[in-house]
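I have placed the structure first, in the form of structure tokens, so that the comments after it can refer back to it.
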Protein chains: 2
Amino acid sequence: MELKRERVREHLLTMIDSRRPGDAIPSERTLCATLGVSRPTLRAAVDELVATGLLVREHGRGMFVAPDKITQELVAENHVADAPRSRGSWTSTVLDLRTVHAGARIGRRLAISPASELVHVTRLRHVDGAPIALEHLHVPADLVPGLTAADLEGGFYAHLRRRRGIRPAHAVQSIEPTVLNEEEAALLEVPVLSPALLFDRTTSDTGGRPVEYVRSLYRGDRYRIVSRLTLGEGRADPAAEDVGRGGAWWGTVE
Amino acid sequence: MELKRERVREHLLTMIDSRRPGDAIPSERTLCATLGVSRPTLRAAVDELVATGLLVREHGRGMFVAPDKITQELVAENHVADAPRSRGSWTSTVLDLRTVHAGARIGRRLAISPASELVHVTRLRHVDGAPIALEHLHVPADLVPGLTAADLEGGFYAHLRRRRGIRPAHAVQSIEPTVLNEEEAALLEVPVLSPALLFDRTTSDTGGRPVEYVRSLYRGDRYRIVSRLTLGEGRADPAAEDVGRGGAWWGTVE
DNA sequence: CAGTGGTCTAGACCACGCC
DNA sequence: GCGTGGTCTAGACCACTGC
């Protein structure tokens, strides 16, 4: 049997999709009547969407589709030196592998037509048997015809180099905090609304052609980024050295 | 008037403090009777503590103090090159500045006695007028006697160098996702349980002496870490180049 | 003033773990 | 069977917004 909260959430999500940021959505009491649920039930569903950043509530005014994020980006300026370390034995399980149409959002990321095909792989990553990350990998279908789950076992980059003659060269990645929805939380075996890190990465090959777009969710209770920073002295702008004001975030590791 | 949920949360927090990880706490119905609240109200308070990772629920068994975190640490191995960039005009407001005893946890971080004094500064940071981060700065009191809010205006590191003859040289920092409690959410002007990034940093001077311990919460809806990675080719272990398995996370920025 | 979200109650039924 | 958490209801009152 399906939970009422889920049904309400789906209804709200399609409602949000069909509107623009800032648009109002019906009042709580109206929605209760429309969907045939009590107010606490409706509010529980709305709570989740508010925490996820899709809806905003304004006391005495109403509920609205959240405005577009205005993000303060903090960029790391440093040279890559080597691969990072992590402990434990990593394994990964392919949950799904299918060819789909790119769509507008992902098409733009990969610089391909929204109508063109791409391979969408859903993977669950484990450390020492415990699920730690849920990964969505998107690759233009013409780059990897006939891709199978087995091809991913030795690492996708290795597969691209050895079997496809594609050399991933650089990537742009963003990291932001988020909370997990019902489905994600279930796969990662944590309670709903648990904190997580969202990694968003687009990788290009030596020719500058985008070869993959990856969205990964890492469990917040099992995952942490640790870095060791070296703070120089003779900077042009001493104020920039105050880490809290945008100082050196990344550095040499132990 | 105080919210019931807050009173319940405080009660639960002291209950958690007085127990050890894994210990059971009374059942929901028992707590309702003890605290004189209805079950949905109690559950709302518990939901918050579960999302924060302090309590775990087990269906049919009961509620327990959460076990200690087992964290998968991912370290960045690279050289610091320069300070990162961020846009907008940053300002900061000192909410509180007081001298307190270090206590066990922070004393250990700063390698000082739990009984010794330290200065605790609470700052709210803004970008273009909007609150974006809540920062708790802890400094051994004997390093900065007579510290005032004005001393922090040009940047704390600059103050240490110019007025105290202390040269911060390196730091160890961790970043993890979390959700904001009622108080933090109010200060940052976002809904409770909103996602945030928790920065935890200990900085030492050229002699290796810890000079500050900082805990900062950054709004997840306004803050994002962006980095550009360069993926080398001739690695010893090709599997390590698969970013998803622990590949190169940090790199040269545009 | 009417309509909105914010909070809270008392009680019901279900699903799961344990004895 | 019994106690646990998981879900849901119907309705109440308060606080805020806007006319």
Side-chain angles (χ1 to χ4, degrees), chain A residues 1-12 15-16 22-51 53-66 180-183 185-186 189-194, chain B residues 1-12 15-16 22-51 53-66 180-183 185-186 189-194:
Chain A
M1 131 96 189
E2 195 181 39
L3 292 178
K4 292 215 172 186
R5 231 181 38 221
E6 288 182 33
R7 192 166 54 79
V8 173
R9 193 185 61 221
E10 293 309 316
H11 185 94
L12 289 171
M15 193 170 270
I16 289 168
D23 286 357
I25 68 171
S27 77
E28 294 187 351
R29 290 171 180 81
T30 305
L31 287 167
C32 290
T34 308
L35 298 171
V37 300
S38 71
R39 229 179 123 209
T41 302
L42 181 102
R43 281 183 63 82
V46 171
D47 282 344
E48 193 179 315
L49 298 176
V50 168
L54 292 173
L55 283 181
V56 294
R57 286 198 258 233
E58 297 191 26
H59 195 167
R61 302 219 317 128
M63 300 191 295
F64 306 86
V65 177
L180 300 174
N181 66 30
E182 208 114 9
E183 183 189 351
E189 297 176 13
V190 293
V192 67
L193 292 188
S194 292
Chain B
M1 131 102 191
E2 196 182 39
L3 289 180
K4 292 214 171 184
R5 232 182 35 224
E6 288 183 33
R7 191 165 56 79
V8 173
R9 192 186 60 220
E10 293 308 318
H11 185 95
L12 289 171
M15 192 171 268
I16 290 169
D23 286 357
I25 67 171
S27 77
E28 295 187 351
R29 289 169 181 80
T30 306
L31 287 168
C32 290
T34 309
L35 299 170
V37 300
S38 71
R39 229 181 123 209
T41 303
L42 180 102
R43 280 183 62 82
V46 171
D47 282 344
E48 191 179 317
L49 299 176
V50 169
L54 293 172
L55 283 181
V56 294
R57 288 199 258 230
E58 296 190 28
H59 195 167
R61 301 219 317 128
M63 300 191 295
F64 306 87
V65 177
L180 300 174
N181 66 30
E182 208 113 10
E183 182 189 352
E189 298 175 12
V190 293
V192 68
L193 291 189
S194 293

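Per chain, numbering begins at 1; letters A, B, ... match sequence-line order. Everything numeric in this text was worked out from a predicted model, so none of it was measured.
Straight-line distance from the NE2 atom of His59(A) to the P atom of dG6(C): 6 Å, rounded to whole Å. Atoms CE (Met63(A)) and P (dT17(D)) sit 17 Å apart, rounded to a whole Å. In this structure, Leu55(B) atom CG and dG5(D) atom P are separated by 11 Å, rounded to whole Å. Taking atom CZ of Phe64(A) as the reference point, atom P of dT17(D) lies 12 Å away to the nearest angstrom.
Between the side chain of Arg5(A) and the base of dG6(D), no donor-acceptor pair under 3.5 Å is found. A donor-acceptor contact under 3.5 angstrom links the side-chain atoms of Arg29(A) to the base of dG5(C).
Looking at every heavy atom in both residues, Glu48(A) comes nearest to Asn181(A) through OE2-CB, 3.7 Å. Minimum interatomic distance between Leu49(B) and Ile16(B) (heavy atoms only, all atoms of both residues): CD1-CD1, 4.3 Å. Between Ser194(B) and Pro191(B) the shortest heavy-atom distance is OG-O, 2.6 Å.
When the side-chain nitrogen and oxygen atoms of Arg39(A) are compared with OP1 and OP2 of dA10(D), none of them lie within a distance under 4.0 Å. Here Arg57(B) does not reach the OP1 or OP2 of dT4(D): none of its side-chain N or O atoms lies under 4.0 Å away. Considering only side-chain N and O atoms, Thr41(B) lies nowhere under 4.0 angstrom from the phosphate OP1 or OP2 of dC8(C). Applying the 4.0 Å criterion to OP1 and OP2 of dA10(C), one finds that Ser38(B) has every side-chain N and O outside that range.
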(request) Evaluate the criterion side chain to side chain contact (heavy atoms under 4.5 Å, CB included) for residue pair Leu193(B) and Asp47(B); output intermediate values, then yes/no. (result) CA-CA 10 Å; Leu193(B) 291 189; Asp47(B) 282 344; 5.7 Å; no
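When each of Pro40(A) and Thr30(B) is assigned the nucleotide of DNA chain D bearing its nearest heavy atom, the one mapping closer to the 5' terminus is Thr30(B). With the nearest nucleotide of DNA chain C identified for both Glu28(A) and Arg61(B), Glu28(A) has the one nearer the 5' end. With DNA chain D read from its 5' end, the first of the two nearest nucleotides for Gly36(A) and Gly60(A) is the one closest to Gly36(A).
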